[in-house]
Amino acid sequence: MMIRPFAKKLATQVSSSSSSTSLLRRSFSGAIASQQSHLFSAPSTKRQQGVVPCLHQPPLFSFHHNTTSLEYTGRGFSSTSVVEENTEGEADYQVFRRKGLRNVAIIAHVDHGKTTLVDELLMAAQKSHANHNPEAESLDRLMDSGDLEKERGITITSKVTRVNYQQAGSGDPYVLNIVDTPGHADFSGEVDRILSMVDGVCLVVDAVEGPMTQTKYVLSRALSAGLKPIVVLNKCDRPEAVSPLDSGETETKLMNLFEALGADEDQIDFITMYASAREGWVVLEDPFVALELAADGYKGEEEHSMKHLLEAIIDNIPEPSARLYEPEAAGITAGDETKSLEGTDFEKDPFSLAIVSVGRDSYLGRTCTGRIVSGSVALGDEVTLLARGATDSATAPSSLVSGLFCYEGVSRIPMEGRAFAGDCVTVAGVPDDVAVGDTITSKANPVKQAIDTPPLAPPTLSMDFGSNNGPLAGKEPNTIVASSKIRDRLVAETDNNVTLKIEKSEADSEKTTVYARGE
(Lines give C-alpha, C1' and ligand atoms only; values in the text may rest on other atoms or scores of the structure.)
Protein backbone atom coordinates (compact mmCIF):
# COMPACT_ATOMS: atom_id res chain seq x y z
CA MET A 1 0.00 0.00 0.00
CA MET A 2 1.35 3.41 -0.95
CA ILE A 3 1.62 5.75 2.05
CA ARG A 4 2.36 9.41 1.49
CA PRO A 5 4.55 11.34 3.99
CA PHE A 6 1.61 12.83 5.89
CA ALA A 7 0.09 9.35 6.27
CA LYS A 8 3.35 7.92 7.57
CA LYS A 9 3.53 10.70 10.12
CA LEU A 10 -0.04 10.04 11.18
CA ALA A 11 0.64 6.32 11.49
CA THR A 12 3.63 7.08 13.73
CA GLN A 13 1.49 9.35 15.92
CA VAL A 14 -1.19 6.69 16.21
CA SER A 15 1.37 4.03 17.10
CA SER A 16 3.02 6.22 19.72
CA SER A 17 -0.26 6.96 21.43
CA SER A 18 -1.64 3.46 21.62
CA SER A 19 -2.70 3.88 25.22
CA SER A 20 -4.79 6.98 24.48
CA THR A 21 -6.28 5.25 21.44
CA SER A 22 -7.28 2.27 23.54
CA LEU A 23 -8.87 4.59 26.07
CA LEU A 24 -10.81 6.31 23.27
CA ARG A 25 -12.04 2.99 21.96
CA ARG A 26 -13.07 1.85 25.43
CA SER A 27 -14.95 5.12 25.98
CA PHE A 28 -16.77 4.76 22.66
CA SER A 29 -17.68 1.13 23.34
CA GLY A 30 -18.86 2.10 26.81
CA ALA A 31 -21.16 4.76 25.40
CA ILE A 32 -22.73 2.25 23.03
CA ALA A 33 -23.07 -0.29 25.81
CA SER A 34 -24.86 2.19 28.06
CA GLN A 35 -27.38 2.94 25.30
CA GLN A 36 -28.09 -0.71 24.54
CA SER A 37 -27.73 -2.31 27.95
CA HIS A 38 -31.47 -2.84 28.14
CA LEU A 39 -31.39 -4.96 24.98
CA PHE A 40 -29.08 -7.69 26.18
CA SER A 41 -26.41 -8.50 28.71
CA ALA A 42 -23.16 -10.34 28.19
CA PRO A 43 -22.05 -13.35 30.18
CA SER A 44 -18.83 -12.97 32.11
CA THR A 45 -16.19 -14.60 29.94
CA LYS A 46 -12.45 -14.45 29.47
CA ARG A 47 -11.43 -12.81 26.19
CA GLN A 48 -8.83 -14.72 24.21
CA GLN A 49 -7.16 -14.35 20.85
CA GLY A 50 -7.94 -15.96 17.47
CA VAL A 51 -11.08 -14.46 15.95
CA VAL A 52 -13.24 -16.84 13.95
CA PRO A 53 -14.86 -15.27 10.84
CA CYS A 54 -18.38 -14.22 11.79
CA LEU A 55 -21.14 -15.92 9.85
CA HIS A 56 -24.03 -13.55 10.19
CA GLN A 57 -23.01 -9.98 10.90
CA PRO A 58 -23.75 -8.66 13.42
CA PRO A 59 -25.17 -11.50 15.56
CA LEU A 60 -26.49 -10.94 19.04
CA PHE A 61 -24.65 -14.07 20.13
CA SER A 62 -22.57 -16.14 17.72
CA PHE A 63 -21.43 -19.58 18.79
CA HIS A 64 -19.13 -21.45 16.45
CA HIS A 65 -17.37 -24.79 16.58
CA ASN A 66 -14.99 -24.96 19.56
CA THR A 67 -16.09 -21.48 20.62
CA THR A 68 -16.87 -20.52 24.17
CA SER A 69 -15.95 -16.86 24.63
CA LEU A 70 -17.51 -13.70 23.29
CA GLU A 71 -16.20 -10.26 22.43
CA TYR A 72 -18.45 -7.25 22.84
CA THR A 73 -18.57 -5.10 19.67
CA GLY A 74 -21.18 -2.45 20.47
CA ARG A 75 -24.13 -4.01 18.61
CA GLY A 76 -23.68 -7.65 19.47
CA PHE A 77 -20.84 -10.08 20.03
CA SER A 78 -18.25 -11.56 17.71
CA SER A 79 -17.01 -14.97 18.64
CA THR A 80 -13.41 -15.74 19.55
CA SER A 81 -11.98 -19.13 18.84
CA VAL A 82 -10.70 -20.95 21.89
CA VAL A 83 -10.14 -24.56 22.80
CA GLU A 84 -10.77 -25.25 26.45
CA GLU A 85 -11.68 -28.23 28.52
CA ASN A 86 -15.27 -28.73 29.67
CA THR A 87 -16.73 -26.48 26.97
CA GLU A 88 -20.44 -25.90 27.29
CA GLY A 89 -23.00 -24.92 24.64
CA GLU A 90 -20.83 -25.93 21.66
CA ALA A 91 -22.48 -25.27 18.31
CA ASP A 92 -23.20 -28.26 16.10
CA TYR A 93 -21.80 -26.65 12.95
CA GLN A 94 -18.55 -25.39 11.47
CA VAL A 95 -17.97 -22.18 9.53
CA PHE A 96 -16.50 -22.22 6.03
CA ARG A 97 -15.98 -19.64 3.29
CA ARG A 98 -17.91 -19.76 0.00
CA LYS A 99 -15.89 -19.56 -3.22
CA GLY A 100 -16.56 -17.16 -6.09
CA LEU A 101 -18.91 -14.85 -4.17
CA ARG A 102 -18.70 -11.43 -2.52
CA ASN A 103 -21.39 -9.55 -0.57
CA VAL A 104 -20.63 -5.83 -0.19
CA ALA A 105 -22.62 -2.76 0.82
CA ILE A 106 -22.14 0.74 -0.63
CA ILE A 107 -22.51 3.39 2.09
CA ALA A 108 -22.18 7.16 1.84
CA HIS A 109 -23.64 10.50 2.82
CA VAL A 110 -26.53 11.85 0.76
CA ASP A 111 -25.42 13.20 -2.64
CA HIS A 112 -21.86 11.87 -2.49
CA GLY A 113 -22.35 9.96 -5.75
CA LYS A 114 -23.12 6.51 -4.34
CA THR A 115 -25.94 5.64 -6.75
CA THR A 116 -24.00 6.84 -9.80
CA LEU A 117 -21.04 4.72 -8.70
CA VAL A 118 -23.24 1.60 -8.50
CA ASP A 119 -24.51 2.25 -12.03
CA GLU A 120 -20.91 2.43 -13.26
CA LEU A 121 -20.03 -0.83 -11.50
CA LEU A 122 -22.97 -2.57 -13.17
CA MET A 123 -21.83 -1.35 -16.58
CA ALA A 124 -18.22 -2.40 -15.89
CA ALA A 125 -19.40 -5.90 -14.98
CA GLN A 126 -21.42 -6.14 -18.18
CA LYS A 127 -18.38 -5.14 -20.25
CA SER A 128 -16.32 -7.94 -18.66
CA HIS A 129 -18.27 -10.50 -20.69
CA ALA A 130 -17.38 -11.10 -24.34
CA ASN A 131 -21.05 -11.20 -25.33
CA HIS A 132 -22.15 -8.08 -23.43
CA ASN A 133 -24.96 -5.97 -24.89
CA PRO A 134 -23.85 -2.37 -25.66
CA GLU A 135 -27.45 -1.17 -25.34
CA ALA A 136 -27.41 -2.20 -21.69
CA GLU A 137 -24.83 0.52 -21.01
CA SER A 138 -27.56 3.16 -20.85
CA LEU A 139 -28.17 2.55 -17.16
CA ASP A 140 -29.35 5.52 -15.11
CA ARG A 141 -29.85 5.45 -11.32
CA LEU A 142 -31.02 1.85 -11.25
CA MET A 143 -30.78 1.66 -7.47
CA ASP A 144 -32.90 4.79 -6.90
CA SER A 145 -35.88 3.42 -8.78
CA GLY A 146 -38.72 4.50 -6.50
CA ASP A 147 -40.77 7.57 -7.37
CA LEU A 148 -39.86 9.40 -4.14
CA GLU A 149 -36.21 8.39 -4.52
CA LYS A 150 -36.08 9.80 -8.05
CA GLU A 151 -37.84 12.98 -6.97
CA ARG A 152 -35.49 13.69 -4.04
CA GLY A 153 -32.35 12.09 -5.46
CA ILE A 154 -31.73 9.94 -2.39
CA THR A 155 -31.84 6.27 -1.45
CA ILE A 156 -34.64 5.31 0.94
CA THR A 157 -35.01 1.53 0.59
CA SER A 158 -32.07 -0.88 0.63
CA LYS A 159 -31.70 -2.86 -2.57
CA VAL A 160 -29.56 -5.82 -3.54
CA THR A 161 -28.38 -6.34 -7.11
CA ARG A 162 -26.50 -9.37 -8.41
CA VAL A 163 -23.48 -8.68 -10.63
CA ASN A 164 -21.81 -11.41 -12.69
CA TYR A 165 -18.20 -10.41 -13.29
CA GLN A 166 -15.62 -12.21 -15.43
CA GLN A 167 -12.14 -11.56 -14.03
CA ALA A 168 -9.83 -10.28 -16.76
CA GLY A 169 -6.61 -12.09 -15.88
CA SER A 170 -7.71 -15.54 -14.72
CA GLY A 171 -11.09 -15.58 -16.42
CA ASP A 172 -12.67 -16.81 -13.18
CA PRO A 173 -16.37 -15.96 -12.83
CA TYR A 174 -17.46 -14.08 -9.71
CA VAL A 175 -20.86 -13.18 -8.36
CA LEU A 176 -21.02 -9.87 -6.46
CA ASN A 177 -24.10 -8.98 -4.46
CA ILE A 178 -23.93 -5.18 -4.29
CA VAL A 179 -26.18 -3.44 -1.77
CA ASP A 180 -27.09 0.22 -2.10
CA THR A 181 -28.04 1.42 1.38
CA PRO A 182 -29.76 4.56 2.64
CA GLY A 183 -27.39 7.34 3.64
CA HIS A 184 -29.57 8.95 6.31
CA ALA A 185 -30.08 8.06 9.98
CA ASP A 186 -33.85 8.31 9.54
CA PHE A 187 -33.64 4.99 7.69
CA SER A 188 -31.40 3.30 10.24
CA GLY A 189 -33.63 0.23 10.31
CA GLU A 190 -32.79 -0.39 6.67
CA VAL A 191 -29.08 0.10 7.37
CA ASP A 192 -28.98 -2.31 10.32
CA ARG A 193 -30.78 -5.07 8.45
CA ILE A 194 -28.79 -4.85 5.24
CA LEU A 195 -25.42 -4.86 7.01
CA SER A 196 -26.26 -8.31 8.35
CA MET A 197 -26.16 -9.62 4.77
CA VAL A 198 -22.69 -8.42 3.77
CA ASP A 199 -19.05 -9.10 4.66
CA GLY A 200 -17.57 -5.74 3.73
CA VAL A 201 -18.43 -2.17 2.81
CA CYS A 202 -17.37 0.29 0.15
CA LEU A 203 -17.34 3.71 1.80
CA VAL A 204 -17.94 6.50 -0.73
CA VAL A 205 -16.81 9.96 0.41
CA ASP A 206 -16.89 13.28 -1.46
CA ALA A 207 -13.24 14.28 -1.93
CA VAL A 208 -14.11 17.92 -1.17
CA GLU A 209 -16.61 17.63 1.67
CA GLY A 210 -14.97 14.68 3.41
CA PRO A 211 -16.84 12.39 5.82
CA MET A 212 -20.21 13.85 6.77
CA THR A 213 -22.77 13.12 9.50
CA GLN A 214 -24.52 10.18 7.87
CA THR A 215 -21.20 8.72 6.74
CA LYS A 216 -20.13 8.62 10.38
CA TYR A 217 -23.38 7.01 11.51
CA VAL A 218 -23.47 4.20 8.94
CA LEU A 219 -19.71 3.63 9.19
CA SER A 220 -19.98 3.20 12.97
CA ARG A 221 -22.58 0.46 12.44
CA ALA A 222 -20.39 -1.27 9.86
CA LEU A 223 -17.22 -1.12 11.97
CA SER A 224 -18.96 -2.40 15.08
CA ALA A 225 -20.22 -5.31 12.97
CA GLY A 226 -16.61 -6.18 12.09
CA LEU A 227 -16.99 -5.47 8.36
CA LYS A 228 -13.94 -4.86 6.16
CA PRO A 229 -13.96 -1.39 4.49
CA ILE A 230 -12.77 -0.05 1.15
CA VAL A 231 -12.68 3.75 0.81
CA VAL A 232 -13.53 5.53 -2.46
CA LEU A 233 -12.92 9.28 -2.61
CA ASN A 234 -15.44 10.31 -5.25
CA LYS A 235 -15.89 13.52 -7.29
CA CYS A 236 -12.14 13.98 -7.70
CA ASP A 237 -12.87 15.78 -10.99
CA ARG A 238 -14.26 18.81 -9.14
CA PRO A 239 -11.96 21.86 -9.23
CA GLU A 240 -12.41 22.26 -5.48
CA ALA A 241 -10.87 18.79 -4.94
CA VAL A 242 -7.36 19.86 -5.92
CA SER A 243 -6.39 21.38 -2.59
CA PRO A 244 -7.69 18.63 -0.22
CA LEU A 245 -6.27 15.87 -2.42
CA ASP A 246 -2.87 17.54 -2.73
CA SER A 247 -2.57 18.15 1.01
CA GLY A 248 -4.14 14.86 2.11
CA GLU A 249 -6.73 16.72 4.21
CA THR A 250 -9.62 14.37 3.39
CA GLU A 251 -7.55 11.23 4.03
CA THR A 252 -6.45 12.62 7.40
CA LYS A 253 -10.08 13.24 8.37
CA LEU A 254 -10.92 9.67 7.42
CA MET A 255 -8.05 8.22 9.49
CA ASN A 256 -9.15 10.26 12.50
CA LEU A 257 -12.75 9.16 12.00
CA PHE A 258 -11.83 5.47 11.87
CA GLU A 259 -9.81 5.85 15.08
CA ALA A 260 -12.65 7.69 16.83
CA LEU A 261 -15.14 4.99 15.86
CA GLY A 262 -12.94 2.25 17.29
CA ALA A 263 -11.79 0.55 14.08
CA ASP A 264 -9.44 -2.37 14.67
CA GLU A 265 -6.03 -2.69 13.01
CA ASP A 266 -7.38 -4.66 10.05
CA GLN A 267 -10.19 -2.18 9.40
CA ILE A 268 -7.99 0.90 9.66
CA ASP A 269 -5.57 -0.60 7.13
CA PHE A 270 -8.05 0.13 4.33
CA ILE A 271 -7.16 0.81 0.71
CA THR A 272 -8.10 4.20 -0.77
CA MET A 273 -9.30 4.65 -4.33
CA TYR A 274 -9.79 7.99 -6.09
CA ALA A 275 -12.68 8.17 -8.53
CA SER A 276 -15.10 10.17 -10.59
CA ALA A 277 -18.27 8.11 -10.87
CA ARG A 278 -19.75 10.66 -13.26
CA GLU A 279 -16.79 10.32 -15.66
CA GLY A 280 -16.41 6.57 -15.07
CA TRP A 281 -12.77 6.32 -13.89
CA VAL A 282 -10.98 5.15 -10.75
CA VAL A 283 -7.36 5.24 -9.54
CA LEU A 284 -5.82 3.02 -6.86
CA GLU A 285 -3.85 4.73 -4.04
CA ASP A 286 -2.44 7.64 -6.10
CA PRO A 287 -4.23 10.99 -5.77
CA PHE A 288 -1.81 12.76 -8.09
CA VAL A 289 -2.75 10.51 -11.01
CA ALA A 290 -6.37 11.29 -10.18
CA LEU A 291 -5.64 15.02 -10.34
CA GLU A 292 -3.99 14.56 -13.74
CA LEU A 293 -7.03 12.66 -15.02
CA ALA A 294 -9.33 15.36 -13.70
CA ALA A 295 -7.28 18.06 -15.44
CA ASP A 296 -6.69 16.30 -18.80
CA GLY A 297 -10.00 14.45 -19.00
CA TYR A 298 -10.69 10.70 -19.05
CA LYS A 299 -10.39 9.19 -22.52
CA GLY A 300 -11.48 5.65 -21.70
CA GLU A 301 -8.11 4.22 -20.72
CA GLU A 302 -8.49 0.62 -19.57
CA GLU A 303 -6.02 1.06 -16.72
CA HIS A 304 -8.39 3.50 -15.01
CA SER A 305 -11.75 1.84 -15.78
CA MET A 306 -14.27 0.98 -13.09
CA LYS A 307 -13.43 -2.71 -13.36
CA HIS A 308 -10.48 -2.02 -11.05
CA LEU A 309 -12.91 -1.20 -8.24
CA LEU A 310 -14.60 -4.56 -8.86
CA GLU A 311 -11.16 -6.20 -8.68
CA ALA A 312 -10.46 -4.37 -5.41
CA ILE A 313 -13.70 -5.71 -3.94
CA ILE A 314 -12.74 -9.26 -4.92
CA ASP A 315 -9.21 -8.89 -3.50
CA ASN A 316 -10.06 -7.10 -0.25
CA ILE A 317 -13.58 -8.12 0.82
CA PRO A 318 -13.62 -11.61 2.38
CA GLU A 319 -15.61 -14.47 0.94
CA PRO A 320 -18.96 -14.91 2.70
CA SER A 321 -18.97 -17.35 5.58
CA ALA A 322 -21.58 -20.07 5.88
CA ARG A 323 -22.52 -22.76 8.33
CA LEU A 324 -21.93 -26.44 7.59
CA TYR A 325 -23.82 -28.78 9.89
CA GLU A 326 -22.87 -32.05 8.18
CA PRO A 327 -19.26 -31.78 6.94
CA GLU A 328 -19.00 -35.53 6.37
CA ALA A 329 -21.81 -35.43 3.81
CA ALA A 330 -19.92 -32.72 1.91
CA GLY A 331 -16.71 -34.76 1.92
CA ILE A 332 -14.96 -32.43 4.37
CA THR A 333 -12.28 -34.16 6.43
CA ALA A 334 -9.90 -33.10 9.18
CA GLY A 335 -7.53 -30.42 7.94
CA ASP A 336 -10.06 -28.88 5.53
CA GLU A 337 -11.36 -26.34 8.04
CA THR A 338 -9.58 -23.39 6.42
CA LYS A 339 -10.35 -24.04 2.78
CA SER A 340 -13.11 -22.34 0.78
CA LEU A 341 -15.98 -24.47 -0.51
CA GLU A 342 -18.01 -24.46 -3.70
CA GLY A 343 -21.72 -23.72 -3.44
CA THR A 344 -22.56 -27.33 -4.29
CA ASP A 345 -20.71 -28.49 -1.16
CA PHE A 346 -23.59 -27.05 0.90
CA GLU A 347 -26.33 -28.72 -1.18
CA LYS A 348 -27.28 -31.52 1.22
CA ASP A 349 -26.84 -29.52 4.42
CA PRO A 350 -29.86 -28.28 6.45
CA PHE A 351 -31.23 -25.13 4.81
CA SER A 352 -31.68 -21.89 6.76
CA LEU A 353 -32.20 -18.27 5.70
CA ALA A 354 -32.32 -15.20 7.97
CA ILE A 355 -35.07 -12.82 6.80
CA VAL A 356 -34.21 -9.13 6.41
CA SER A 357 -37.31 -7.98 4.46
CA VAL A 358 -40.74 -9.35 3.59
CA GLY A 359 -43.31 -8.62 0.92
CA ARG A 360 -46.15 -10.11 -1.08
CA ASP A 361 -46.49 -11.11 -4.72
CA SER A 362 -50.02 -11.13 -6.13
CA TYR A 363 -49.30 -14.36 -8.02
CA LEU A 364 -46.75 -16.22 -5.91
CA GLY A 365 -47.87 -15.24 -2.41
CA ARG A 366 -45.76 -14.19 0.54
CA THR A 367 -42.08 -13.36 -0.18
CA CYS A 368 -39.00 -12.83 1.94
CA THR A 369 -35.46 -11.68 1.17
CA GLY A 370 -32.30 -12.56 3.02
CA ARG A 371 -28.96 -14.32 2.98
CA ILE A 372 -28.80 -18.11 3.00
CA VAL A 373 -26.92 -19.07 6.14
CA SER A 374 -26.65 -22.80 5.51
CA GLY A 375 -27.66 -25.45 3.01
CA SER A 376 -29.46 -24.80 -0.26
CA VAL A 377 -32.99 -24.22 -1.58
CA ALA A 378 -34.82 -24.70 -4.88
CA LEU A 379 -38.34 -24.51 -6.30
CA GLY A 380 -40.73 -27.02 -4.74
CA ASP A 381 -38.78 -27.43 -1.50
CA GLU A 382 -40.92 -27.50 1.64
CA VAL A 383 -39.86 -24.91 4.18
CA THR A 384 -41.02 -24.11 7.68
CA LEU A 385 -40.84 -21.06 9.92
CA LEU A 386 -38.67 -20.56 12.99
CA ALA A 387 -39.67 -17.35 14.78
CA ARG A 388 -36.94 -15.19 16.28
CA GLY A 389 -35.41 -17.09 19.20
CA ALA A 390 -37.37 -20.32 18.52
CA THR A 391 -35.77 -23.74 18.98
CA ASP A 392 -38.54 -26.06 17.72
CA SER A 393 -40.12 -26.14 14.25
CA ALA A 394 -42.37 -29.18 14.85
CA THR A 395 -45.55 -27.12 15.19
CA ALA A 396 -44.51 -24.21 12.94
CA PRO A 397 -46.39 -23.52 9.67
CA SER A 398 -44.83 -24.81 6.44
CA SER A 399 -45.26 -24.22 2.71
CA LEU A 400 -43.73 -25.02 -0.68
CA VAL A 401 -41.29 -22.63 -2.34
CA SER A 402 -43.09 -21.24 -5.39
CA GLY A 403 -40.38 -18.84 -6.58
CA LEU A 404 -36.66 -18.20 -6.17
CA PHE A 405 -35.28 -14.89 -7.44
CA CYS A 406 -32.29 -12.57 -7.49
CA TYR A 407 -32.11 -8.97 -8.72
CA GLU A 408 -30.03 -7.72 -11.63
CA GLY A 409 -30.40 -3.95 -11.53
CA VAL A 410 -34.08 -3.47 -10.73
CA SER A 411 -35.21 -6.57 -12.65
CA ARG A 412 -36.25 -9.62 -10.68
CA ILE A 413 -34.68 -12.63 -12.37
CA PRO A 414 -35.74 -16.25 -11.62
CA MET A 415 -32.79 -18.33 -10.46
CA GLU A 416 -32.09 -21.57 -12.27
CA GLY A 417 -31.41 -24.62 -10.15
CA ARG A 418 -30.53 -24.24 -6.49
CA ALA A 419 -29.31 -21.29 -4.44
CA PHE A 420 -26.58 -22.06 -1.92
CA ALA A 421 -25.23 -20.78 1.39
CA GLY A 422 -23.92 -17.23 1.06
CA ASP A 423 -26.35 -16.22 -1.72
CA CYS A 424 -28.71 -13.27 -1.21
CA VAL A 425 -32.08 -14.29 -2.64
CA THR A 426 -35.82 -13.63 -2.58
CA VAL A 427 -37.98 -16.67 -1.79
CA ALA A 428 -41.67 -16.75 -2.71
CA GLY A 429 -44.38 -18.99 -1.26
CA VAL A 430 -43.11 -18.88 2.33
CA PRO A 431 -45.54 -19.15 5.29
CA ASP A 432 -47.79 -16.11 5.74
CA ASP A 433 -46.64 -15.63 9.34
CA VAL A 434 -43.04 -14.74 8.43
CA ALA A 435 -41.65 -11.51 9.86
CA VAL A 436 -38.37 -9.64 9.66
CA GLY A 437 -35.82 -11.35 11.90
CA ASP A 438 -37.36 -14.82 11.58
CA THR A 439 -35.69 -17.86 10.01
CA ILE A 440 -37.03 -20.19 7.34
CA THR A 441 -35.57 -23.68 7.26
CA SER A 442 -36.10 -27.01 5.54
CA LYS A 443 -39.10 -28.97 6.74
CA ALA A 444 -37.46 -32.36 6.17
CA ASN A 445 -34.05 -31.41 7.57
CA PRO A 446 -34.43 -28.30 9.76
CA VAL A 447 -31.82 -26.47 11.80
CA LYS A 448 -32.27 -26.77 15.55
CA GLN A 449 -32.71 -23.08 16.37
CA ALA A 450 -33.42 -19.78 14.67
CA ILE A 451 -30.56 -17.67 13.33
CA ASP A 452 -29.60 -14.84 15.67
CA THR A 453 -30.41 -11.45 14.14
CA PRO A 454 -29.16 -8.00 15.18
CA PRO A 455 -31.11 -6.04 17.81
CA LEU A 456 -32.77 -2.84 16.63
CA ALA A 457 -32.07 0.58 18.08
CA PRO A 458 -35.05 1.96 20.04
CA PRO A 459 -37.28 4.73 18.60
CA THR A 460 -36.14 8.31 19.05
CA LEU A 461 -39.37 10.23 18.40
CA SER A 462 -43.15 9.82 18.20
CA MET A 463 -45.88 11.48 16.15
CA ASP A 464 -49.68 11.37 16.26
CA PHE A 465 -51.66 10.75 13.06
CA GLY A 466 -55.37 11.34 12.64
CA SER A 467 -58.00 12.20 10.05
CA ASN A 468 -58.23 15.72 8.68
CA ASN A 469 -60.85 17.69 10.63
CA GLY A 470 -60.34 20.99 8.80
CA PRO A 471 -62.89 22.76 6.57
CA LEU A 472 -61.44 21.15 3.40
CA ALA A 473 -61.61 17.59 4.72
CA GLY A 474 -62.98 15.17 2.11
CA LYS A 475 -63.15 17.78 -0.65
CA GLU A 476 -60.49 16.10 -2.80
CA PRO A 477 -61.43 12.88 -4.66
CA ASN A 478 -60.18 9.52 -3.36
CA THR A 479 -59.25 11.04 0.00
CA ILE A 480 -59.18 8.75 3.04
CA VAL A 481 -60.81 10.60 5.91
CA ALA A 482 -61.64 7.79 8.34
CA SER A 483 -59.15 7.46 11.20
CA SER A 484 -59.53 3.67 11.17
CA LYS A 485 -58.37 3.54 7.55
CA ILE A 486 -55.33 5.65 8.40
CA ARG A 487 -54.51 3.36 11.32
CA ASP A 488 -54.83 0.26 9.12
CA ARG A 489 -52.44 1.77 6.58
CA LEU A 490 -49.90 2.58 9.29
CA VAL A 491 -50.15 -0.91 10.77
CA ALA A 492 -49.61 -2.40 7.30
CA GLU A 493 -46.34 -0.44 7.04
CA THR A 494 -44.95 -2.23 10.10
CA ASP A 495 -45.04 -5.50 8.16
CA ASN A 496 -41.67 -4.71 6.59
CA ASN A 497 -40.49 -1.65 8.53
CA VAL A 498 -39.40 -3.14 11.83
CA THR A 499 -38.33 0.21 13.27
CA LEU A 500 -41.95 1.41 13.52
CA LYS A 501 -44.16 0.86 16.55
CA ILE A 502 -47.87 1.66 16.27
CA GLU A 503 -50.20 2.33 19.20
CA LYS A 504 -53.59 3.92 19.71
CA SER A 505 -53.13 7.40 21.12
CA GLU A 506 -53.83 7.64 24.86
CA ALA A 507 -54.88 11.26 24.57
CA ASP A 508 -57.26 10.83 21.60
CA SER A 509 -58.69 7.44 20.60
CA GLU A 510 -59.26 8.73 17.06
CA LYS A 511 -55.53 9.25 16.58
CA THR A 512 -52.65 6.80 16.15
CA THR A 513 -49.22 7.25 17.73
CA VAL A 514 -46.23 6.18 15.63
CA TYR A 515 -42.84 5.63 17.28
CA ALA A 516 -39.88 5.64 14.89
CA ARG A 517 -36.26 6.55 14.27
CA GLY A 518 -35.31 10.10 13.30
CA GLU A 519 -33.22 13.11 14.17
Side-chain angles (χ1 to χ4, degrees), residues 38-39 145-149 151-152 154-159 181-182 184-194 196 353-370 384-390 396-399 402 426-440 450 453-470 472-474 476-519:
H38 65 286
L39 294 175
S145 54
D147 293 337
L148 188 59
E149 292 174 319
E151 176 186 340
R152 299 192 177 186
I154 61 173
T155 302
I156 296 176
T157 304
S158 297
K159 306 171 187 69
T181 59
H184 200 280
D186 285 354
F187 314 119
S188 61
E190 288 287 328
V191 173
D192 290 343
R193 284 185 288 162
I194 212 67
S196 69
L353 178 146
I355 300 173
V356 299
S357 67
V358 297
R360 182 170 294 277
D361 186 285
S362 56
Y363 297 100
L364 299 175
R366 190 71 155 166
T367 65
C368 68
T369 300
T384 186
L385 175 65
L386 274 175
R388 186 196 297 260
S398 61
S399 62
S402 59
T426 296
V427 182
V430 295
D432 288 338
D433 296 338
V434 296
V436 173
D438 291 346
T439 300
I440 56 172
T453 53
L456 293 173
T460 58
L461 56 82
S462 65
M463 185 177 295
D464 288 338
F465 291 82
S467 59
N468 186 358
N469 56 6
L472 299 180
E476 296 182 2
N478 302 320
T479 301
I480 298 177
V481 296
S483 59
S484 60
K485 296 291 186 181
I486 296 175
R487 181 175 296 132
D488 291 343
R489 175 64 184 87
L490 292 171
V491 170
E493 187 66 20
T494 63
D495 185 39
N496 195 46
N497 192 337
V498 294
T499 61
L500 294 180
K501 180 182 178 182
I502 308 296
E503 293 180 354
K504 183 180 291 187
S505 174
E506 297 180 358
D508 188 345
S509 61
E510 294 297 315
K511 293 182 178 181
T512 302
T513 302
V514 178
Y515 300 89
R517 297 287 299 172
E519 292 185 307

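Excluded from the calculations below are hydrogen atoms, water molecules and symmetry mates; all remaining heavy atoms, backbone and side chain alike, are included. As the structure is a computational prediction, the values presented were derived from the model and not from experiment.
The shortest heavy-atom contact between Pro397 and Pro431 is O-CG, 3.6 Å. Here the closest non-hydrogen pair linking Ser483 and Glu510 is OG-OE1, 2.8 Å. Summarising the geometry of Ile355 relative to Cys368, their closest heavy-atom pair is CG2-CB, 3.8 Å, with the distance given to 0.1 Å.
Between Thr453 and Arg388 there is a side-chain heavy-atom pair separated by less than 4.5 Å. The side-chain heavy atoms of Val356 and Ser196, taken from C-beta on, include a pair separated by under 4.5 Å. In this structure, the side chains of Thr367 and Val430 stay at 4.5 Å or more apart for every pair of heavy atoms.
Scored by the side chain to side chain donor-acceptor pair (under 3.5 Å) test, Thr369 finds Thr426 as partners (sequence neighbours excluded). Looking at residues two or more places apart in sequence or on another chain, you find a side-chain contact (heavy atoms from CB on, under 4.5 Å) between Thr494 and Val491, Leu500, Ile502. Taking the side chain to side chain donor-acceptor pair (under 3.5 Å) definition, one finds that Ser399 meets it with nothing, sequence neighbours left out. Applying the salt bridge (charged side-chain N to carboxylate O under 4.0 Å, His left out) criterion to Arg487, with sequence neighbours excluded, gives no partner residue. Residues meeting the side-chain contact (heavy atoms from CB on, under 4.5 Å) test with Ala450, sequence neighbours left out: Leu386, Thr439. Judged as a salt bridge (charged side-chain N to carboxylate O under 4.0 Å, His left out), and not counting sequence neighbours, the contacts of Glu503 are Lys501. With sequence neighbours left out, Ser357 forms a side chain to side chain donor-acceptor pair (under 3.5 Å) with no residue at all. Scored by the side-chain contact (heavy atoms from CB on, under 4.5 Å) test, Thr384 finds Ser393, Ala396, Ser398, Thr441, Lys443 as partners (sequence neighbours excluded). Residues passing the side chain to side chain donor-acceptor pair (under 3.5 Å) test with Asp488: none are found, sequence neighbours excluded. Under the salt bridge (charged side-chain N to carboxylate O under 4.0 Å, His left out) criterion, Asp361 pairs with Arg412, sequence neighbours left out.
Annotation: salt bridge (charged side-chain N to carboxylate O under 4.0 Å, His left out) contacts involving residues 426-440, sequence neighbours excluded, comprise Arg360-Asp432.
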Decide yes or no on side chain to side chain contact (heavy atoms under 4.5 Å, CB included) for Thr512 and Ser505, but give the supporting numbers first. CA-CA 5 Å; Thr512 302; Ser505 174; over 6 Å; no
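Under the 3.5 Å distance criterion, the side-chain polar atoms of Ser462 are left unmatched by any main-chain donor or acceptor of Val514.
The residue from Leu490, Asp508, Asp464 that alone fulfils the side-chain contact (heavy atoms from CB on, under 4.5 Å) condition with Thr513 is Asp464.
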